[in-house]
Amino acid sequence: MHLLVFKICCSSVFPSLKIHPLSLFFLNSEQQTIPTLISNMNLLANILKQPIRKSVLIHHRSCRLTLFAKLPESLQLPAVNDTLFCFSLSTTAHTLLSQHAPLFDLQEQDAHNVNVQSIDFPGGRVTFTPQIKFISESTDKRVPCYRVLDDDGYPFAGSRSEQVDKETALKMYKSMVTLQIMDHIFYEAQRQGRISFYMTSMGEEAINIATAAALSPDDIILPQYREPGILLWRGFTIEEFANQLFGTKNDAGKGRQMPVHYGSKKHNFVTVSSPIATQLPQAAGIAYSLKMDNKEACAVAFTGDGGTSEGDFHAGLNFAAVMEAPVLFICRNNGWAISTPISDQFRSDGVVVKGQAYGIRSIRIDGNDTLAVYSAIRAAREMVIREQKPILVEALTYRVGHHSTSDDSTKYRPLNEIEYWKTARNPLGRYRKWVQRNGWWTDEEETELRGSIRKQVMNAIQVADKTEKPSLKELFTDVYDRLPLNLHEQEKSLRETIKRHEQDFPADVPL
Amino acid sequence: MLGVLRRKVACKANASALEQGIRVAASRAFSSSGKEMTVREALNSALDEEMSADPKVFIMGEEVGEYQGAYKISKGLLEKYGPERVLDTPITEAGFAGIGVGAAYYGLRPVIEFMTFNFSMQAIDHIINSAAKSNYMSAGQISVPIVFRGPNGAAAGVGAQHSQCYAAWYGSCPGLKVLAPYSSEDARGLLKAAIRDPDPVVFLENELLYGESFPVSAEALDSSFCLPIGKAKIEREGKDVTITAFSKMVGYALQAAEILAKDGISAEVINLRSIRPLDRSTINASVRKTNRLVTLEEGFPQHGVGAEICASVLEDSFEYLDAAVERIAGADVPMPYAANLERMAVPQVDDIVRAAKRACYRSSSLAASA
């Protein structure tokens, strides 16, 4: 190799590099092949410990490929702005495109063009084409869905998934059963008029529990409203759920929120907020804070298929990508947003394809497959934290229950469709088969568990129903950090009025 | 002649040496430092000091970093604190307001800048439904120590979508604190208080005041200086009529007070400083002293700040009123652009003088002259 040192003004030779007068160590590489060039360059870059940059100039049929690296400080020439070190060779567009296209980020279709040119714009260099070619609005093939167990609970041959030990597998199954029973009984309690409102997570137990199991308790959850299973996994008791639903004095939320709007700081579960998708940019904010704190944890934000239509979905994902915030966005695509089917919600191939539009890595998974959810979320979380960037997971599932107790979904979807997903495609049934086949669970244990959970939930309802409501004082606290003067006066005035008209004051509000 | 000169000064948007002279004469005695500071410098120094004192404080908004701030309020801060604490954002008010709220949930102390509060409309859900209500709805588990700041109200010739005053909108929402500084001392003290406050604060600045200079006391220049939230300031004592105002209108009220003094009417000018909580006790104490009230604001009249002050005074000091309350507000129309129409759509010093005189029975009422 001959070393030639000369000062040249490179802006015309390397227009995209914007270099000022510099020195080049220019190695005679014209006779080398592209693979040799790359390996030589890698060798030298390793020695010098500098990153390689590449420049590909394509003019008509010829190409100049240049790989260069900056010399480390100690080897820089004095009185010179920058000393570079480069290999360069000329090749043909054909060679480069047909054999090495992936290496140099060139489009496949450009291989068919003899006249391939590229040009600079804000945002980077693009090759351009003389053909008018629109990117199709849909692909023949939809993005495939990651799945581990078939409908009968048998793992597919060649399926890749995380090993789950017996303890975790059983905890997951038992939690799913608890969630299912809890939902069923609380729903009935609302129908009987004992609570004002309820929302079930039926059909989505796998997403709830397997996600919770795959995350760490330090990860901060920003739920939509169909993720109580995460709280359950993290140790929120059935009694605590009941207290929130009944708004009793034992409710950590002091009876401030309508039912199912759980929140628990100690479980890292941000209180459910009704407006849809507002939690998405907020998750980016929390993630950014975790990043600033150098915490080994991420923010995990949930939304449904409907939530992806909100402006905040765009804001949240775009921002998280730009800020490189460690957020895991999980979309529960359950097919329905109250009565709006997904065909009326968006025209894209679901939600997974939207990730790429924001520069976010994404994956589609079978949300009814407990093991798939567990493995995928483990992998995604690990990437989010290691690379400190957002990931989007679309979990396909079906909303078996009505949207809420204020909804009757039989009005807008066929009964047999609901039945099908409730039975044949039920996530519990499928997972149970796998667990039992491993010898970890029996029918007797099933009956026993179901019986005991039922009793526990029924009991929790009885107790919560009879428990006192929060005291009058809690009407006024927490509006601000400290009770402001006007509220202090209002409370005083209210208490005086109560004293004067005791008979008019409701008996079930403790003073 | 001085009156004519003052009249001319009143029509200009910017302060002149004459106006400053009037203000110094009219103000209470500051411990003399001889130092003057523009509102812009006051805000910048407040941000700088709070960011220096607490590493959790960070600034986010459009153009706050590289551009040094759309109105140069955050000048020099990117250079001093780096891109992790001074964040330039894409154009998504909903996005960065939401991110700020999320960061505040976690425990950071964001200062979110809206280029004007008109654009806060695109993020108002995050401000009201999340920031204001979260502490209450989570029963104290999630506090939101966030500050939303930016220019509010009319500027000059920017039309309807850039000129609305949002004091009444945010002032009606429990859970928020709403501040409206006037002078540089207000700006410094209130912004520092806002950043240190554990509750969400909406900080309404005024674009036309940014360039105005005010004297600042040595105490105000200290980095621990802080003004209490919820206390109004008596800018000028008087005994005949109370004029309440906030932000730019305080300056107009002071000018009107000078003119009224010539006619033998001694006006007491109250700089509200805090829209929520409203300093009802100072306002009522003043009305009980003067027995007459003129409320002044730039925003729309219906459901405005003046309406609330009226109601408060009627409830607490009814027997003390010797005249009906006069409400001065902007015209009940979207702000027109043409300079002559714009001038007619915002209160001018003449309007204040006339209203004060009506309250003092020195001229016939509005209804009679209609």
Side-chain angles (χ1 to χ4, degrees), chain A residues 220 222 251-258 261 263-266 269-275 277-293 295 299 301 310-312 314-320 322-323 325 327 470 474 476-482 484-487 489, chain B residues 55-56 58 60 84-85 87-108 110 112 122-123 125-126 128-146 174-177 197-200 229-230 276-281 312:
Chain A
I220 300 184
L222 288 98
D251 172 26
K254 296 183 191 166
R256 301 266 171 72
Q257 285 266 38
M258 57 187 285
H261 287 61
S264 174
K265 186 163 182 176
K266 72 173 193 265
F269 192 88
V270 174
T271 312
V272 174
S273 172
S274 303
T278 54
Q279 68 278 8
L280 300 178
Q282 290 166 8
I286 291 188
Y288 188 76
S289 317
L290 286 168
K291 182 170 161 157
M292 278 177 80
D293 256 6
K295 270 243 166 89
E310 280 281 359
D312 272 341
H314 167 78
L317 266 72
N318 189 42
F319 255 97
V322 168
M323 284 176 17
V327 203
E474 305 301 358
F476 300 100
T477 51
D478 304 316
V479 181
Y480 296 98
D481 187 61
R482 313 248 292 267
L485 197 61
N486 66 322
L487 289 183
E489 285 171 9
Chain B
K56 288 188 152 63
F58 71 97
M60 187 153 61
E84 284 217 329
R85 293 185 67 197
L87 286 101
D88 276 325
T89 66
I91 307 179
T92 324
E93 280 74 14
F96 59 78
I99 289 180
V101 170
Y105 281 173
Y106 180 81
L108 295 186
I112 304 297
Q122 295 177 283
D125 179 88
H126 284 292
I128 306 290
N129 274 331
S130 291
K133 299 179 185 172
S134 279
N135 198 51
Y136 189 74
M137 293 198 316
S138 72
Q141 291 181 83
I142 300 176
S143 78
V144 193
I146 195 170
L176 287 179
K177 290 183 174 161
D197 199 286
D199 296 311
I229 292 180
R276 176 180 263 269
L278 198 57
D279 190 352
R280 294 166 208 276
S281 57
S312 171

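Every heavy atom of this structure was used, including side-chain atoms; hydrogens, water molecules and symmetry mates were not.
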Heavy-atom pairs under 4.5 Å with chain A - which of B:Ala132, B:Pro145, B:Pro198 has more of them than the others?
B:Pro198
Contact summary for A:Val327 and A:Ala287, nearest pair of heavy atoms:
CG2-CB, 3.6 Å
Answer with side chain, backbone, both or neither: which region of A:Asp481 has an atom nearer than 4.5 Å to a non-hydrogen atom of chain B?
both
Below 4.5 Å, heavy-atom pairs only: which of B:Arg85, B:Met60, B:Lys177 has the largest tally toward chain A?
B:Lys177
Given the rule in the side chain to side chain donor-acceptor pair (under 3.5 Å) test, do B:Glu93 and B:His126 qualify, once you have shown the distances and angles that lead to the verdict?
CA-CA 10 Å; B:Glu93 280 74 14; B:His126 284 292; over 6 Å; no
Need one label for B:Pro90: side chain, backbone, both or neither, based on atoms under 4.5 Å from any heavy atom in chain A.
both
A:Asp251 with A:Arg256: basic N within carboxylate O range, under 4.0 Å:
no
Counting distance only, does the side-chain N/O of B:Gln122 pair as donor-acceptor with the main-chain N or O of B:Ala94 below 3.5 Å?
no
Shorter than 4.5 Å, heavy atoms on both sides: which option in B:Asp197, B:Leu278, B:Val144, B:Ile142 has the most such pairs with chain A?
B:Ile142
Cut-off 4.5 Å, heavy atoms of chain A, and the answer for B:Leu176 is backbone
Using a cut-off of under 4.5 Å for heavy-atom pairs, which of A:Thr271, A:Leu280, A:Ile286 has the most such pairs with chain B?
A:Ile286
With only heavy atoms counted, which part of A:Leu485 is less than 4.5 Å from chain B, the side chain, the backbone, both or neither?
neither
side-chain contact (heavy atoms from CB on, under 4.5 Å) between B:Glu84 and B:Phe58: does it pass, once the steps are laid out?
CA-CA 8 Å; B:Glu84 284 217 329; B:Phe58 71 97; over 6 Å; no
Contacting moiety of A:Gln279, where chain B heavy atoms sit under 4.5 Å:
neither
Closest non-hydrogen atoms of B:Pro110 and B:Ala103, given as atom of the first, atom of the second and distance, are CG-CB, 4.4 Å
Segment of A:Asp293 engaging chain B (4.5 angstrom heavy-atom cut-off)
side chain
At a heavy-atom separation under 4.5 Å, does A:Ala325 approach chain B through its side chain, its backbone, both, or neither?
neither
Which portion of A:Ser274 sits near chain B, non-hydrogen atoms under 4.5 angstrom:
neither
Which atom pair, heavy atoms only, marks the closest approach of A:Asp312 to A:Ala277?
CB-O, 3.2 Å
Using heavy-atom distances under 4.5 Å, tell me whether B:Asp125 contacts chain A through its side chain, its backbone, both, or neither.
side chain
I need the minimum non-hydrogen distance between B:Gln141 and A:Ala252, along with the two atoms involved.
NE2-O, 3.7 Å
N/O donor-acceptor pair under 3.5 Å between A:Gln257 side chain and A:Val272 backbone:
yes
Under 4.5 Å from any heavy atom of chain A - which part of B:Lys56
neither
Specify the closest pair of heavy atoms between B:Ser130 and B:Tyr105, including all atoms of both residues, with the distance to one decimal.
CB-OH, 3.7 Å
Does B:Asn135 use its side chain to pair, donor to acceptor, with the backbone of A:Val479 at less than 3.5 Å?
no
Pairs of heavy atoms under 4.5 Å with chain B: top-ranked of A:Pro275, A:Gly255, A:Ala283, A:Gly316:
A:Pro275
Residue from A:Ser264, A:Ala320, A:Ser273 scoring the most non-hydrogen pairs under 4.5 Å with chain B is A:Ser264
Heavy-atom distances under 4.5 Å only: say whether B:Ser138 touches chain A with side chain, backbone, both or neither.
both
As an exercise: rank A:Asn318, A:Ile220, A:Leu290, A:Leu222 by heavy-atom pairs under 4.5 Å with chain B and give me the winner.
A:Leu290
Greatest number of heavy atom pairs closer than 4.5 Å to chain B - which of A:Met323, A:Lys291, A:Arg482:
A:Met323
Do A:Gln282 and B:Ile99 come close enough that some side-chain heavy atom pair is under 4.5 Å?
no
Less than 4.5 Å apart, any side-chain heavy atom of A:Lys254 and any of A:Glu474?
yes
Okay, A:Pro484 and chain B: the region with an atom under 4.5 Å from a heavy atom over there is neither
A:Tyr288 portion near chain B, given a 4.5 angstrom heavy-atom threshold
side chain
